[in-house]
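Data block below; observations after.
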Amino acid sequence: MKQINGGVTAAKGFRAWGVHCGVKSKKADKKDLALILSDQECAAAAVYTMNRVKAAPLYVTMEHLEDGTAWGVAANSGNANACCPMSHEYAEEMARLAARATGRAPAGFVVASTGVIGQTLNIAAIRAGMPAAAAGLTAGPEGSDAAARAIMTTDTVKKELAFSLTLGGKEVTLGAIAKGSGMIHPNMGTMLCFVTTDCAITREMLSEALREVVPRTFNRVTVDGDTSTNDMCLALANGMAGNPLIEWKDEDYSAFLAALEELCRQLARSIAGDGEGASRLITCAVREARSEESAERLAKAVVGSSLVKAAMFGADANWGRVLCAMGYSKAPFRPEYVDISFSSAVGAVAVCRGGMGLDFDEEAARSILSQDEVVIDVHLHEGEHEATCWGCDLTYDYVKINGDYR
């Protein structure tokens with residue numbers, strides 16, 4: 001498996017583009033409408049937010065994917081099309097507009113939206129912009145770049161990635177674009193992630209792979225404790241690589257699964273690191289736990305703690321906040337066995353052993369916690385299981401961004 005360029009258009013037969021149509025902003029340099037299209041019909045699988053309040057595009061997408069197939073994706077930023085008048089009708093119209101512009105059927109399109117909740121979608125802007133999005137569709141990396149930028153809201157960097165590997169003597173490619181910066185505490189995936197692959201795989205196996213991978217990647221990210229109404233992670237497989245069809249969990253499935261997991265893990269890390277107002281990525285690894293589930297619960301409690309996040313922003317080695325967050329996670333562990341250390345690119349410092357504080361160099365700790373990525377290592381000494389979760393620090397800018405979001 002190797003990393004390659006091209007993002008969501010790296011796989012054979014996929015084209016993409018993004019344009020500015022004015023969904024929310026009049027700034028012509030802010031793309032807000034993305035289109036992804038396959039040259040062949042795809043096996044399709046998706047997972048959605050567990051928020052009880054779901055945006056209309058999710059319900060339309062669920063209906064369109066009932067047969068397990070799709071041709072492409074139509075997505076907008078700037079408006080969530082959630083909890084507002086005409087939301088379902090406008091989500092359906094987005095699919096019709098994409099179909100009309102590309103010569104496909106409306107039911108062949110996944111629909112996604114992201115942005116402000118509760119405001120009526122500017123469907124007229126999307127109606128005007130869809131022909132340009134379709135006309136610009138390209139298989140080159142510029143297509144993925146344009147689509148990735150079109151789904152960004154408060155993201156500061158685009159998120160795209162691609163890998164290739166050999167299956168059955170054929171080169172198979174997986175690529176993706178994603179967005180997510182705020183309202184990230186998913187129980188299924190990130191705010192939006194679109195994975196494309198030319199792998200020949202049944203929709204049942206594709207769905208199985210996605211549901212295996214998401215809990216270990218996107219489900220382990222938290223930025224602010226809020227689960228969005230619009231979260232969706234979609235995978236499309238058009239089979240154009242020509243590899244032997246993956247129909248069961250054989251060696252090829254395992255290799256495909258490993259590539260998909262690495263793709264999603266790296267995107268999950270990039271989402272956590274680009275949290276709204278964030279200045280650093282916070283990784284928490286809990287090791288030697290009784291079960292993977294308890295390790296995940298503990299790690300997520302740590303990276304989700306506002307007090308831990310604030311301490312990381314201040315480069316303050318306040319390890320007591322880590323132990324406190326673990327204590328209210330409702331996961332079983334023995335506090336008197338816990339060891340905690342902080343590490344980064346410039347070194348590591350042990351701050352707690354056996355649930356008790358250690359003497360350590362505060363200045364050295366401050367230097368370690370001032371790096372772009374900080375790792376909180378927790379050893380429980382109770383078992384053989386582990387889990388890693390990702391978050392970010394809590395800065396003044398997070399409040400500024402969300403105090404003036406509309």
Taking [Y]'s backbone N and O only, do any of them form a donor-acceptor pair with [X]'s side chain (distance below 3.5 Å, no angle check)?
| X | Y | value |
| --- | --- | --- |
| N81 | S87 | yes |
| E382 | R334 | yes |
| S344 | I368 | yes |
| R280 | Q371 | yes |
| E63 | Y59 | no |
| N230 | A80 | yes |
| D32 | G22 | yes |
| T388 | A285 | no |
| N238 | D39 | no |
| H64 | F109 | yes |

Please tabulate, for side-chain N and O atoms in residues 252-262, each donor-acceptor pair with protein atoms closer than 3.5 Å (sequence neighbours left out).
| unit_1 | atom_1 | unit_2 | atom_2 | d |
| --- | --- | --- | --- | --- |
| Y253 | OH | A209 | N | 3.3 |
| Y253 | OH | E212 | OE2 | 2.7 |
| S254 | OG | D250 | O | 3.3 |
| E261 | OE1 | R216 | NE | 3.3 |
| E261 | OE1 | R216 | NH2 | 2.7 |
| E261 | OE2 | R216 | NE | 3.0 |
| E261 | OE2 | R265 | NH2 | 2.9 |
| E262 | OE1 | R265 | NH1 | 2.8 |
| E262 | OE2 | Q266 | NE2 | 2.9 |

Heavy atoms only: give me the nearest [X]-[Y] pair and the separation to one decimal.
| X | Y | answer |
| --- | --- | --- |
| M94 | S113 | SD-OG, 4.1 Å |
| S305 | A325 | CB-CB, 4.0 Å |
| A146 | G18 | CB-N, 3.4 Å |

**OP:** Give every residue pair that meets the ring pair (Phe, Tyr, Trp, His ring centres under 6.0 Å) criterion with at least one member in residues 271-290, sequence neighbours excluded.
**Re:** none
Original post:
How far apart are the C-alpha atoms of C83 and V53, what are their side-chain angles, what is the distance that settles it, and do they pass the side chain to side chain contact (heavy atoms under 4.5 Å, CB included) test?
Top reply: CA-CA 8 Å; C83 310; V53 180; 3.5 Å; yes
Please tell me if the side chains of [X] and [Y] come closer than 4.5 Å, counting only heavy atoms from C-beta onward.
| X | Y | answer |
| --- | --- | --- |
| V286 | V302 | no |
| I282 | K309 | no |
| L267 | C193 | yes |
| W17 | L35 | no |
| T49 | K54 | yes |
| K24 | N79 | no |
| Y337 | L380 | no |

**OP:** Dump the intermediate steps for side chain to side chain contact (heavy atoms under 4.5 Å, CB included) on V308 and I376, then the final yes or no.
**Re:** CA-CA 10 Å; V308 171; I376 303 172; 4.1 Å; yes
Determine whether more than 12 heavy atoms belonging to other residues, nucleotides or ligands lie under 6.0 Å from atom [atom1] of [X].
| X | atom1 | value |
| --- | --- | --- |
| Y396 | OH | no |
| E293 | CD | no |
| M86 | CE | yes |
| K30 | NZ | yes |
| E251 | CD | no |

If we ignore angles and hydrogens, is there a donor and acceptor under 3.5 Å between the side chains of [X] and [Y]?
| X | Y | answer |
| --- | --- | --- |
| D67 | T69 | yes |
| H381 | E288 | yes |
| K179 | T153 | yes |

For residues 5-12, tabulate all N or O donor-acceptor pairs below 3.5 Å that involve a side-chain atom, not counting sequence neighbours.
| unit_1 | atom_1 | unit_2 | atom_2 | d |
| --- | --- | --- | --- | --- |
| T9 | OG1 | G6 | O | 2.9 |
| T9 | OG1 | G140 | O | 3.0 |

Original post:
What residues form a side chain to side chain contact (heavy atoms under 4.5 Å, CB included) with S306, not counting sequence neighbours?
Top reply: L394
Original post:
Is the shortest distance from a Lys or Arg side-chain nitrogen in R220 or E292 to a carboxylate oxygen in the other one below 4.0 Å?
Top reply: yes
Pair up each side-chain donor or acceptor in residues 311-323 with any protein partner under 3.5 Å, not counting sequence neighbours, and list the distances.
| unit_1 | atom_1 | unit_2 | atom_2 | d |
| --- | --- | --- | --- | --- |
| R321 | NH1 | L307 | O | 2.9 |

**OP:** Kindly indicate, with the supporting measurements, whether the criterion side chain to side chain contact (heavy atoms under 4.5 Å, CB included) is fulfilled by F163 and L161.
**Re:** CA-CA 7 Å; F163 289 105; L161 191 64; 3.6 Å; yes
Original post:
Which is it for C233 and L210 under the side chain to side chain contact (heavy atoms under 4.5 Å, CB included) test, yes or no, and what are the steps along the way?
Top reply: CA-CA 9 Å; C233 184; L210 193 65; 4.0 Å; yes
**OP:** Applying side chain to side chain donor-acceptor pair (under 3.5 Å), name anything that partners T102, two or more places apart in sequence or on another chain.
**Re:** none
**OP:** Mind running salt bridge (Lys or Arg N to Asp or Glu O under 4.0 Å) on E93 and R127 for me, showing each step along the way?
**Re:** CA-CA 9 Å; E93 184 167 353; R127 192 180 298 124; 2.8 Å; yes
